[in-house]
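Predicted model, so just to flag it, every value in this text is computed and none were measured. Order of the sequence lines sets the chain letters (A, B, ...), proteins ahead of strands, with each chain counted from 1.
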Number of protein chains: 2
Amino acid sequence: MKDVARTAGVSVMTVSRAFKSDRSVSQQTREKVREIAEQMGYVFDSTAANLRSQKSGFVAVTIPTIDNGNFSDTVGSLSAQLNGAGLQILLGYSNYSIEKEEELIEQLLRRRPEAIVVTGGRHTERTRRLLGQAGIPVVEMWDLPTDPIDHVVGFSNASTMEMMVDHLVEQGYRRIAFVGGDTVWDTRGADRRRGFVAGMTRHGLLDQARFIAGGKPPISMRQGADAMAELLAQYPDTEAVVCVSDPAAFGATTECIRRGLAVPGDMAVAGFGGYELSAISCPTITTVDPRPADIGSQTAHLISSLLEQGGAGQASQRLEITPMLRPGESTTRT
Amino acid sequence: MKDVARTAGVSVMTVSRAFKSDRSVSQQTREKVREIAEQMGYVFDSTAANLRSQKSGFVAVTIPTIDNGNFSDTVGSLSAQLNGAGLQILLGYSNYSIEKEEELIEQLLRRRPEAIVVTGGRHTERTRRLLGQAGIPVVEMWDLPTDPIDHVVGFSNASTMEMMVDHLVEQGYRRIAFVGGDTVWDTRGADRRRGFVAGMTRHGLLDQARFIAGGKPPISMRQGADAMAELLAQYPDTEAVVCVSDPAAFGATTECIRRGLAVPGDMAVAGFGGYELSAISCPTITTVDPRPADIGSQTAHLISSLLEQGGAGQASQRLEITPMLRPGESTTRT
DNA sequence: TTGAAAGCGCTAACAA
DNA sequence: TTGTTAGCGCTTTCAA
């Protein structure tokens, strides 16, 4: 910057101002400075600017994995909106581990983000402490924790799954199985399973419920297919299956078709997540859409307004997203 | 840090050292300092450290969109490996626009990344200039540009698609259609289309080739289904379709099945990308796997070794990935 | 509208 | 093993 200033015959301060948007520099000076900077191949150094102004322009985000269309949708809309506000996303993957999440969050906080968004509502004690004293807005998304750290943008995985159980029971299914991943890892998956149990209990069908474990999340299509194979071996009289996610439900559906079983004629299948896959698949698969892009944009909007009003220390908001049931051919009684 | 130093009764330099890994501090002092820091809720400030040491710990990455399983796979493995080396990914989305990419790259360079990875080999002149004079290793991935900026980790989209055409012709198909997105936006899609034309020409079948445009990338499953509908209306005697990506091929396949057309009996379908979807779908879909995770890990490995050897200015490497044809039921002559 | 001085929180370089 | 000094490249603050 000093070099640019010298070449342009102005002070470094003027160069600095020429690179900001609406500061007080004459149009003429600004253009000259920018042109010279471009010629000299000068690239502004945000690191130094951030240090001095104590504003990083970062929003930190942790998601369990990038390998999940739902989370990518959320991050995509979050990112698009925050970029518009001049903020960049600093993304980290916790790999479904709250210990890894703790480590990750510590790393991210060292970059002095202006806000932080975490997925889910279960964290280590130290994570809660780190986030609590970070002095920036904290948003927990994709869940509705009973004891939130600060702000929340999410939905109840449990009651959404109950809604799905209601739908299946309404359609006349009774012997229903749940296919999910390891619940120690995937807390949202665990909540969905809890919702399944609650729904079955409420309908007096808990004794007809079956459970198949699908391994470590994210549950793949292959794991869904394997789970269906296991289900058919263990509980061949099952009438319907609800899977913890759409890819698993799709895998389960193809396994049936491959074996000559009709879906839903011989076996009904439902998923979770509202993926495009479920709407296009043949048969279309019943699912519930938690509107991941809405979670992202609501979160972005919340963060923008919080930062405008001065950041941390404001009344904690709780935005509840209402997932939508999308009935498909895969559970329609023929 | 000053506060921590005072409380611990040491100098700031000692505190600084206590937070580095293998520097010269007595084990006792380090533990005491860390403990006090933890109690005081002190979080190390990377921004300042980066400014002083002129090392950001960032690797910048641009991808067209997060909404594409192939790119997420690449970023996932890239990220996992670089995190191991203490580097964080600074990710940006170009939205398939080289103008947006230019803007994005300028933003990213301001954060002083230690290396930068861009997707594809087509860029604006200014992008090339910015990258050329950034003084850091530059990797272009997912392509094999004829005139690379610096390092390359990728494969030829054109010749990979030619391989697919060979496979279809070998299976006996002649009247073959190509379904792809807008080629102005998606340069990899354009390369694949070129490869299709080259393959058909080589087999003397260009006059029997058909083309259906699927809109702006990334091409969705829905667009694939719509493209199939259009194809059946315009060229009902088509024998096989090759799609620019697997999701589109899946959509096209379901559209056939929905209309009572057998795949491959009445219409053969092939995709591109090696998605799990193609291996699980019923019928399984013929695809070609560019091994996105390998692209990521090869890129990570290249970057690690370049940074170890001092960063920019080293001999430009060109790592070619060999995509694998994965024949599926969707093109198998019955 | 422009400039000079001070300093953001850390580390390189050197000294003890 | 520990401490002192200077300064990374910018912006804040104050003055002209």
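- Here B:Phe19 lies out of heavy-atom contact (under 4.0 Å) with every strand.
- Computed from coordinates, the A:Arg6 CZ to C:dT2 P distance equals 20 Å when rounded to whole Å.
- Considering only side-chain N and O atoms, A:Gln54 lies under 4.0 angstrom from the phosphate OP1 or OP2 of C:dG9.
- Side-chain to base pairing of A:Arg17 with C:dG3: one donor and one acceptor N or O lie within less than 3.5 Å of each other.
- Note: B:Met40 CE to B:Thr7 OG1 = 3.5 Å, rounded to the nearest 0.5 Å.
- Nucleic acid contact for A:Thr29: sugar-phosphate only, since backbone atoms but no base atoms lie under 4.0 Å from a heavy atom of the residue.
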Checklist entry - How far apart are the C-alpha atoms of A:Arg6 and A:Asp3, what are their side-chain angles, what is the distance that settles it, and do they pass the salt bridge (charged side-chain N to carboxylate O under 4.0 Å, His left out) test? => result CA-CA 5 Å; A:Arg6 196 173 12 239; A:Asp3 295 341; 2.8 Å; yes
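- Close to D:dT2, at under 4.0 Å from its OP1 or OP2, lies a side-chain N or O of B:Ser26.
- For B:Met13, taking side-chain heavy atoms from C-beta onward, the closest of the listed nucleotides C:dA4, D:dT11, C:dT11 is C:dT11.
- Screening B:Arg128, B:Glu102, B:Glu101 for a side-chain hydrogen bond (donor to acceptor under 3.5 Å, both in side chains) involving B:His123 leaves a single residue, B:Glu101.
- Proximity of B:Ser53 to the phosphate of D:dC8: no side-chain N or O atom is located under 4.0 Å from OP1 or OP2.
- Position along DNA chain D of the nearest nucleotide to B:Gln27 versus A:Thr47 favours B:Gln27 as the more 5'-ward residue.
- Distances shorter than 4.0 Å separate some side-chain N or O of B:Lys20 from OP1 or OP2 on C:dT11.
- Under the side chain to side chain contact (heavy atoms under 4.5 Å, CB included) rule, A:Thr119 has a single partner from A:Thr74, A:Val61, A:Ile63, which is A:Ile63.
- Rounded to an integer number of Å, the gap from A:Arg52 CZ to C:dC8 P is 7 Å.
- Nearest-nucleotide positions on DNA chain D for B:Val10 and A:Val12 put B:Val10 closer to the 5' end.
- In this structure, B:Lys2 places its NZ atom 10 Å from P of C:dC10, rounding to the nearest Å.
- Between B:Arg30 atom CZ and D:dT2 atom C1' there is a gap of 13 Å when expressed in whole angstrom units.
- In this entry the distance linking CG of A:Leu51 with C1' of C:dA6 reads 13 Å, nearest Å.
- Side chain A:Arg112 to base C:dG9: no donor-acceptor pair is found below 3.5 Å.
- Aromatic rings from B:Tyr93 and B:Phe71 are positioned such that their centres are separated by 6.0 Å or more.
- Distance OH (A:Tyr42) to P (D:dG9): 10 Å, rounded to an integer number of Å.
- Closest to the B:Thr14 side chain, of the nucleotides D:dG7, D:dT2, C:dA4, is D:dT2.
- In this structure, B:Arg111 satisfies the cation-pi test against A:Phe58, with its NZ or CZ atom closer than 6.0 Å to the six-membered ring centre and inside 45 degrees of the ring normal.
- Per the geometry, CZ belonging to A:Phe44 stands 17 Å off P belonging to D:dC8, to the nearest Å.
- For B:Met1, the side-chain atoms get nearest to C:dT11 when compared with the rest of D:dT2, C:dT11, D:dC10.
- Atom-to-atom, CZ of B:Arg110 to P of D:dG9 comes out at 16 Å; the value is rounded to the nearest Å.
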